[in-house]
Trainee: 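Got a structure for you, questions after.
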Amino acid sequence: MNSCNEEEVPMRLHSAVEYLLHSHSDQLRSIILSPDPKLHYPLFVDYAELMDADPPLARLVFANPTDYLRFFDQAAILAHKRVLKDMVSHEKGVEKKFIHVRFNVCGSPLEFPETFPTIGRVRVKHRGILLTLKGTVIRSGAVKMYEGQRTYQCKKCKHMFPLYPELETRNSITLPSICLSQRSNPCEGTKFLCIENTTVCHDYQEIKIQESTQVLGVGVIPRSILVILQDDLVDIVKAGDDVIITGILTAKWSPDLKDVRCDLDPILIANHVRKTNEMKLEIDIPDDVAMKFKQFWLDFRDTPLKGRNTILRGICPQVFGLFTVKLAVALTLIGGVQHVDASGTKIRGESHLLLVGDPGTGKSQFLKFAAKLSNRSVITTGLGSTSAGLTVTAVKDGENNNELDSTTAEVYCVLAQDDISTVESVKTGKGEWMLEAGALVLADGGLCCIDEFDRVLFKTVWVHCLGFVHSMREHDRATIHEAMEQQTISVAKAGLVTTLSTRTIVFGATNPKGHYDPDQPLSVNTALSGPLLSRFDIVLVLLDTKNPEWDAVVSSHILGEGEYGNGKQDEDLANIWSLSILRRYIGYVKKHFKPVLTKEAERVISNYYQLQRRSATHNAARTTVRMLESLIRLAQAHARLMFRNEVTRLDAIAAILCIESSMTISAIIDSIGNALHSNFTENPDEEYAKQEKLILEKLSLIDESPESNGLEGFN
């Protein structure tokens, strides 16, 4: 294609060349100034701009993308040659062989549902048009090479023409029946010769994207589709990324398997890939809403804790009371500030929360509400998840009916007392191993809610061919340990060695093992190991003890919910905070506040940590150095919740009270009480003054001068 002269260019390319020269000369110039002539370069075009400049050409690109995307690539080569010719002599430009026009449909009419359907609504009618799909990458294959173009010559008339592989025929090239020359006297030659050194190879990668579960209706199973990335698009996304992909919908034959029907599988050949991870994490917060937040705290300047409790009442309002749990949920979702020292070592800013409670204490309600508050969330249950399903699993590339994940493969190998190479003799399959993201990877940058958390670590796998149950190895839990603390997953499965990012908040819920015994440590009551418990910043125990007064209040609240729901909700922030306002508030404080500890807050946290270490006989699994890091994170989160950039004594003591609620036996407060029966007080600032005095006495800091609880550092 590069050898053709401009005079021989078909008329349909002239408008494309002129458009690129007029609107994208800067991109063409930067491509020319790049030194490597063998690379594949992208040239980004907004489809909305093309619609304004040349509507007929834009309609042709939409209706016949298979041909016109290729024509635009040719037009980009010709346009860049013209720019190269017009460049001044002192600019060193290099002619490029491969330029690909990438169409971004954002803000164009192609975002209409007919051309931007969900993955589950892709049908045959979408084939052959410029289609856009949105989803999450759940599988990323290896980068391969394939033959994308071959040039042939007619032996009779010497006419040369390129041929391209067809995906439907597994990338095979089909020769035409007669010569393709468009002469007045047809050649009609039937014999063709492949010209040497005319083969064009491309980088090639297959990924699988799945539609987001948050946009699906009730009972709808999320669908997935294979996507082919080529040339400059390969390796730009990884498992867990949210993407919007524009391309051409086509199909390919499924692999030949004995006694298995051969079907056409839909597949999208990508032209443009846009990652939306940052877009999804950002919340649109109008200026008037930000002003409402500032005015709210100005109104509660004298009683800041009363303002804080007003916010907390909006968290899971259908559950009565449970002040401690709602505060813990808010601090966990807000999180602290990530710290990176001079050597590059990172200390996570995300907090983890575990609820241990009897059935019917509202654990799952809090999990679901927290998932709604987070912009990016994944909900799963331990009963339906393996450790590989939470982290990452290795599956066979290109196999649908014969897929074998690495966990099952390991079971075969354990039973055979052999390595993973014996799997091939147990269950045959073509292709190579590739990684598929689990829940923690998919929730990267967000929240992962795991119900029945203790069930994750004790999974069994039923091996059909041998007919008995084999228990999985216990060291699988180490992957969850790394994902929670180091926020990475190191994978070494089936010859794949890599590290994936899991910067996620883990919110777990579990039932106690049998009857909860207050005299026993948490590791005995929950069947969770000490190293795993130490990774949770807050562990709250909810015991359903018999309390007639509490039962009467709760029943009145539940029966009165219907009357409240029928009334008109007041948008005044002084009364109730709606879900949407809470989401915006959490997003706002996480973005605008990076709290720094004051000397007094450091002294309170340090003394409390030393006191816990001295009395760490019953809570040994919790009183590690991680507790000190948890105290700092929770104090920073409380400062953010209180709308300030400074961690004061109030924040440090609030963090201590949260940690104390996590302890089986308190080092400071004689009787903590059941977290299930913790309720909102009418005068929280007066209550705090009493708790502050008690804690400072225990920490031998009572002589310190009192600190103001006023608000400082508005942004």
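Keep in mind the model is a prediction, meaning the values are calculated, not measured.
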Trainee: Ignoring hydrogens and geometry, is there a side-chain-to-backbone donor-acceptor pair from H592 to V589 under 3.5 Å?
Mentor: no
Trainee: NZ/K208 to OG1/T136 distance, rounded to the nearest 0.5 angstrom?
Mentor: 14.0 Å
Trainee: Between the side chains of Q205 and S140, is a donor N or O closer than 3.5 angstrom to an acceptor N or O?
Mentor: yes
Trainee: Of all the heavy-atom pairs spanning F192 and C154, show the shortest one and how long it is.
Mentor: CD2-CA, 3.9 Å
Trainee: Could you check whether R82 pairs with E18 (Lys NZ or Arg NE/NH1/NH2 to Asp/Glu carboxylate O, under 4.0 Å)?
Mentor: yes
Trainee: Checking R29 against D26 for the salt bridge (charged side-chain N to carboxylate O under 4.0 Å, His left out) test, could you report, in this order, the C-alpha distance in whole Å, the side-chain angles of both residues, the deciding distance, and whether it holds?
Mentor: CA-CA 5 Å; R29 184 178 293 274; D26 292 339; 5.4 Å; no
Trainee: Mind checking the CG-CD1 spacing from L268 to I207? Nearest 0.5 Å is all I need.
Mentor: 9.0 Å
Trainee: Give the intermediate values and the outcome of salt bridge (charged side-chain N to carboxylate O under 4.0 Å, His left out) for residues K134 and D242.
Mentor: CA-CA 8 Å; K134 182 179 181 180; D242 294 301; over 6 Å; no
Trainee: Establish, from distance only, whether the side-chain atoms of R150 and Y152 form a donor-acceptor pair under 3.5 Å.
Mentor: yes
Trainee: What pair of heavy atoms forms the shortest contact from Q230 to Y146, and how long is it?
Mentor: NE2-OH, 3.1 Å
Trainee: I'd like a table of donor-acceptor pairs (distance under 3.5 Å, sequence neighbours excluded) in which one partner is a side-chain atom from residues 40-59, with atom names and distances.
Mentor:
| unit_1 | atom_1 | unit_2 | atom_2 | d |
| --- | --- | --- | --- | --- |
| H40 | ND1 | H100 | NE2 | 2.8 |
| Y41 | OH | D36 | O | 2.5 |
| Y47 | OH | A58 | O | 2.5 |
| D54 | OD1 | L57 | N | 3.4 |

Trainee: Hey, does the side chain of N271 reach the backbone of V101 with a donor-acceptor pair shorter than 3.5 angstrom?
Mentor: yes
Trainee: Residues two or more places apart in sequence or in another chain: which of them pass side chain to side chain contact (heavy atoms under 4.5 Å, CB included) with T499?
Mentor: T488, S490
Trainee: Before giving the answer on side-chain contact (heavy atoms from CB on, under 4.5 Å), spell out for K96 and S34 the whole-Å C-alpha distance, their side-chain angles and the decisive distance to 0.1 Å.
Mentor: CA-CA 9 Å; K96 304 302 186 297; S34 300; 4.1 Å; yes
Trainee: Ignoring hydrogens and angles, tell me if any N or O in the side chain of S374 forms a donor-acceptor pair with the backbone of A371 under 3.5 Å.
Mentor: no
Trainee: Any donor-acceptor pair under 3.5 Å linking the side-chain atoms of D444 with those of T504?
Mentor: no
Trainee: With side-chain contact (heavy atoms from CB on, under 4.5 Å) as the criterion, how do T199 and C201 come out once you've worked through the C-alpha distance, each side chain's angles and the decisive distance to 0.1 Å?
Mentor: CA-CA 6 Å; T199 300; C201 293; 4.1 Å; yes
Trainee: Quick one: pull up CD1 in I236 and CZ in R274 and give me the separation to the nearest 0.5 Å.
Mentor: 12.0 Å
Trainee: Of all the heavy-atom pairs spanning L249 and R127, show the shortest one and how long it is.
Mentor: O-CG, 3.4 Å
Trainee: Which heavy atom of I245 sits nearest to which heavy atom of I209, and what is that distance?
Mentor: CD1-CG2, 4.2 Å
Trainee: Is there side-chain contact between K156 and C179, with at least one heavy-atom pair below 4.5 Å?
Mentor: no
Trainee: Look at K144 together with D203 and state whether they make a salt bridge at an N to O cut-off of under 4.0 Å.
Mentor: no
Trainee: Looking only at heavy atoms, which two atoms of H80 and I32 are closest? And how far apart?
Mentor: O-CD1, 3.3 Å
Trainee: Do the side chains of L579 and K372 get nearer than 4.5 Å, heavy atoms only?
Mentor: yes
Trainee: For T246, is there any backbone N or O sitting under 3.5 Å from a side-chain donor or acceptor partner on T132?
Mentor: no
Trainee: side-chain contact (heavy atoms from CB on, under 4.5 Å), that's the test. Do E350 and Q487 meet it? Break it down for me.
Mentor: CA-CA 9 Å; E350 288 79 11; Q487 297 193 310; 2.6 Å; yes
Trainee: Would you say P37 and F98 make side-chain contact, with heavy atoms under 4.5 Å?
Mentor: no
Trainee: Just to verify, what does K155 make a side chain to side chain contact (heavy atoms under 4.5 Å, CB included) with, not counting sequence neighbours?
Mentor: K191, L193
Trainee: Assess whether a salt bridge exists between D73 and R70, defined as any Lys/Arg side-chain N lying under 4.0 Å from an Asp/Glu carboxylate O.
Mentor: no
